[in-house]
Amino acid sequence: MTTQPTATDMTGSETSSGQTSAERTVARGGVAAAPLLAVDDLVKHFEIRGGLMGISKLGAVRAVDGVSFTVTEGETLGLVGESGCGKTTLGKVILRLIPPTSGSVTFEGKPLFELNSRELKAARRDIQVVFQDPYASLNPRMSVGEIVGEGLYVHGMTNKREREAAVRDLLKRVGLNQQHIHRYPHEFSGGQRQRIGIARALALRPKFIVCDEPVSALDVSVQSQVLNLLSDLQDEFQLTYLFIAHNLAVVRHLSSRVGVMYLGKLAELAEADDLYENPRHPYTKALLSAIPIPDPTVRRERIVLKGDLPSPANPPSGCRFHTRCPMAQEICKVEEPPLRDIGGGHLSACHFAEDVTPLKERRAS
Amino acid sequence: MADRTYDDVTQLPVDDTEDIDRTEVRSYWQLARRRFVRHRLAVIGAITLAVLIIAAAVVPLVVENATGVDINKSFAAAEIVDEEGNLVLALLGYSRTGINMFTQLMAATATSLMIGFAAVLIIVFIGVVIGAVAGYAGGWVDNLLMRVVDIALSMPGLFIIIAFVAFWGASIWTIILAIGITGWTTAARLVRAEFLSLREADYVQAARALGASPRRIILRHMLPPALAPIIVAASLGVADSVVLEAALSFLGFGIGAEQASLGTLLNVAFEYLNREPYLVLFPSIVLILIVLAANFLGDGMRDALDPRQRVEQQ
Amino acid sequence: MTTVSRSVGPLLEIQGLKTHFFTQDGTVRAVDGVSFQIGHAKTLGVVGESGCGKSITSLSVMRLIERPGKIVEGSIKLNGEDLLDKSDEEMRDIRGDQVSMIFQEPMTSLNPVFTCGEQISEAVQQHTAASRREGMDRAVEMLSLVGIPDAKRRAREYPHQLSGGMRQRVMIAMALSTDPDLLIADEPTTALDVTIQAQILELMRDLREKNRMAIMLITHDLGVVAEMVDEVVVMYAGKVVERGDVRTIFGNPHHPYTQGLLHSIPRLDERVDRLEVIKGTVPSPYNLPTGCLFKRRCPFRMPICDVAPPMRQIGEEHTSRCWLTPAGEAPEVGADPTPEEAEAAGEQLTVEPR
């Protein structure tokens, strides 16, 4: 798998060559069940265009640059990373809100990128989304009933009474007062709006929901309410989540497995507990160490990364993290480390994954 | 800590409805109306425009021979009913040549407003269609259409209108068409900008994720918010078009005396500036009233339709 | 330069501060009787959720409250002098000299048309007799102090050419260029990524030692508070609800709101099946409950909560605005509040909620 970096290497296609997603799933600790969702070597480059007609290509932002993973039915896969790492773009590509550059996403065996518009509309019933900003994600000109019922209407429930009954039921399930069905978004608090957004996503009884930073815009005391709601709904409706967030504590709370992204690539992917207790990538370790602990008596080893995030339009050669990595060696500058299994389904894209030590922590008296 | 801990009591069902229940339900448009009504100048503008429109529409209908000449009435005083009991509404009296100045003014106002509104209709239609297509499609379609806009903008508007009128003759319809097809660029740019940003809005993305058709997304989610700046631009556009037409007619490229507009009246009035200076007065006042009223109205709409405006609680 | 041990009293002492906003829809008591002190070279954390009045408190200290807001009552003493008695001109000299402030979004507080160096130099020249040259030298010195590599070159760059973390460093450099006694930091790292946040927090800790400067840190992030501050003030709906040493607040919180906040955040080091929640939402400022402001959401609600509780002593240097006994038990039924408490409560009751 390790070759000299080439042009194809940069688009990341090398990392998955010769392996189908199914084979990889088996390689990953033998999860026998077919995955609900399989992302295979997904690439999304935003072209920077210029010139008179805006046709000449000046370059590309490599937002997502060769990402592969699977999500098993009923689990929550957390996806963390800092701004600009491509996690939100990844979510939107999976939702087919923006077209991919290359790669494939398979949902229940269906290749999502090859569906025609009728098949896609049918698939959309199963794949839904909850957005970050509860203010931007609801149309201010529509009532709660119209917002939550839109999916039902679009998919053929045109009887108004029937739809209203369904919406009332949904409002109840997300903890909102059913009498608020005729109210408008501006009359609700951030937490309540987020519940409306969740009700909208639930309306079509989806199997899979992409949660894109669903609590990061909310106040602390409301965050926990929404997180609990999400996990209650998961049990109630057997939902599978792709949970995208920058807050590692929130991700850990909800996720069974967690992937860490850096500059458009997966740096590490493992069971949540394993990842947090035994990070096997220096970036994950630095990320974990940077989170302040809400306990003044605990002091944890702190790794302060040097410098800023490089531009995704011009990522560093070799390992993308080498410019900030405290463990970087010569090889890291030239050779891109593949995402490899270092045991027990723990994947890490580091040449020295085995040498990464757990974080030290001590409790002051 | 006492025997009762936080853990025991936090698993209660969430009911965070205490704050919201006391307010009455108000939709976006209801709130917009409230904000508009609070804008006093805008309300005055709206009333002024309404009065002008009604007067301009009704007066020429109820008065017989509203724009005709009756030489016997030269310099006659103001009257509402003439000697024979006919309704004449000569509120401003008669001119030297015996023209009923009030009814003539109203007829001219009707022409001007008609041109203003009709031209804006064309402007909005072309602007919305081109802007919406460019903004929704993005990419090369957007680029192509925006270059078309650039070209349209780079051409001297007044010159084109004059050429248009010279070629097709100066009827009210040519003027409307001429103003309309030279004036749509700003509207197109407005709509395009609005659509481009709305395309990325979370609620539009959410609608796409639900499987809503492009038609539904445009009509339900993108056009209504894009309409706000359009309405504002349109009300200002009415003023612009009225003034543009007046300028054309004043320069002599406009409509002839048979369907006089405010500009035509001014054109004629300037010929008699020495002998009858008051002729200039009334068309000018009406013109200024229209422009001010439309501008105030536009201002008020901008404030009323802006969702960023604070929402009143009580 | 101004830190000659001036007095034994606290550096900043806020007493009964009330900052209200007079809107069309009624009066918003954004800050309603807030009192606390910050000692020399101490770091105080002010925590609370959006709308609790923490930012308005800090803007009040800077006297940056604009209409329809107004400081209606109280005193803000800096080194024993009441800032509310100062003229606007005197205030301009104090701002950026004795007290500096950094904000959440550095881009909006930096002027896009001047280079970073010019802006720092400007601040220095305004408060000292420095020339343009000296100001520029100081700017470069400050930029390298806050860990900006190649400071000379960066001083000639414009804010938009820098990353978010770099901009926040420039803000800090500007705030510290005049050696203030007090730095007010309003959510200084909220807009930044965690790894960048770690850099900025380390920088602030570092500079605090070097400059013997006091910090008033306003944040909603309890992790940042635990890591940075000596003392904590918890605010809720315009009032201070609990105050104490950082270890006391985190180890033995008294007020149910503080307890709720601490319990409801997901932790990296502990995995729980279900998070505890504070039910409900922060009350609307136009519709505050009578008595205790937290009672609608409080799991310990008692009949006495209809009377607004005063700040009560819980332990040494630990106060809480709650009727629960210091041990956290419900007060005995029928037990009358002490005379001082009744008086304090009476005063509270005259405040009519809308």
Side-chain angles (χ1 to χ4, degrees), chain A residues 80-85 175 188-192 215 217-229 231-232 246-254 272-273 276-277 283 286-300 302-309 311 324 359 361 364, chain C residues 47-52 147 149 162-166 189 191-199 201-203 220-230 232 245-247 249-251 257 260-282 284 297:
Chain A
V80 292
E82 297 178 282
S83 48
C85 73
F188 294 88
S189 68
Q192 290 170 323
V215 298
L218 303 177
D219 265 325
V220 188
S221 75
V222 181
Q223 276 193 7
S224 50
Q225 295 173 358
V226 172
L227 288 174
N228 279 352
L229 175 67
S231 71
D232 289 349
H246 70 277
N247 183 328
L248 280 87
V250 167
V251 168
R252 174 172 202 187
H253 172 68
L254 226 61
D273 291 344
Y276 284 82
E277 278 148 32
Y283 177 62
L287 210 52
L288 287 170
S289 85
I291 296 165
I293 310 167
D295 186 344
T297 60
V298 176
R299 285 283 169 263
R300 196 196 280 142
R302 163 88 18 115
I303 303 158
V304 177
L305 291 178
K306 301 168 297 208
D308 286 319
L309 202 69
S311 159
R324 301 171 78 196
L359 278 172
E361 199 176 282
Chain C
V47 289
E49 299 176 281
S50 51
C52 73
L162 305 174
S163 68
M166 282 294 171
T189 57
L192 305 174
D193 278 320
V194 271
T195 57
I196 309 297
Q197 165 172 289
Q199 293 173 353
L201 292 182
E202 193 179 67
L203 172 71
H220 70 279
D221 188 329
L222 293 163
V224 172
V225 171
E227 206 162 90
M228 294 286 294
V229 312
D230 306 308
V232 182
D245 171 75
V246 64
R247 292 202 173 192
I249 295 289
F250 280 83
Y257 177 63
L261 273 188
L262 286 169
H263 284 130
S264 64
I265 43 172
R267 302 256 314 235
L268 206 54
D269 47 351
E270 288 168 9
R271 188 151 191 173
V272 289
D273 278 345
R274 232 186 129 68
L275 293 169
E276 288 159 23
V277 300
I278 303 176
K279 63 173 178 154
T281 49
V282 178
S284 150
R297 308 176 70 188

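Because the structure is a prediction, the values reported are computed rather than measured. The sequence lines fix the lettering, A, B, ..., with proteins before strands; numbering per chain opens at 1.
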(message) Consider side-chain hydrogen bond (donor to acceptor under 3.5 Å, both in side chains). Of A:Arg300, A:Arg302, A:Arg299, which one does C:Glu227 pass it with?
(response) A:Arg302
(message) Testing A:Val226, A:Val250, A:Leu254, A:Asn228 one by one against C:Leu275 for a side-chain contact (heavy atoms from CB on, under 4.5 Å), which residue passes?
(response) A:Asn228
(request) Can you tell which part of C:Val225 gets under 4.5 Å to a heavy atom of chain A, answering side chain, backbone, both or neither? (result) neither
(message) Quick check on C:Gln199 against chain A: is it the side chain, the backbone, both or neither that has a heavy atom closer than 4.5 Å?
(response) both
(message) Please check: side-chain N/O of A:Gln223 versus main-chain N/O of C:Ile265, any donor-acceptor pairing under 3.5 Å?
(response) no
(request) Determine yes or no for a side-chain-to-main-chain donor-acceptor pair under 3.5 angstrom, with A:Glu82 supplying the side chain and C:Thr195 the backbone. (result) yes
(message) Please classify the contact between A:Ile303 and chain C as side chain, backbone, both or neither, with a heavy-atom cut-off of under 4.5 Å.
(response) neither
(message) Pairing donors with acceptors under 3.5 angstrom, does anything connect the side chains of A:Gln192 and C:Thr281?
(response) no
(message) Treating C:Gln197 as the side-chain partner and A:Ala290 as the backbone partner, does any N or O pair qualify as donor plus acceptor under 3.5 Å?
(response) no
(message) Does any backbone or side-chain atom of A:Leu305 lie under 4.5 Å from a heavy atom of chain C? Answer side chain, backbone, both or neither.
(response) both
(message) Less than 4.5 Å apart, side chain to side chain, heavy atoms only: is that true for A:Pro294 and C:Arg267?
(response) yes
(request) State, yes or no, whether a side-chain contact exists between C:Arg247 and A:Thr297 at a heavy-atom distance under 4.5 Å. (result) yes
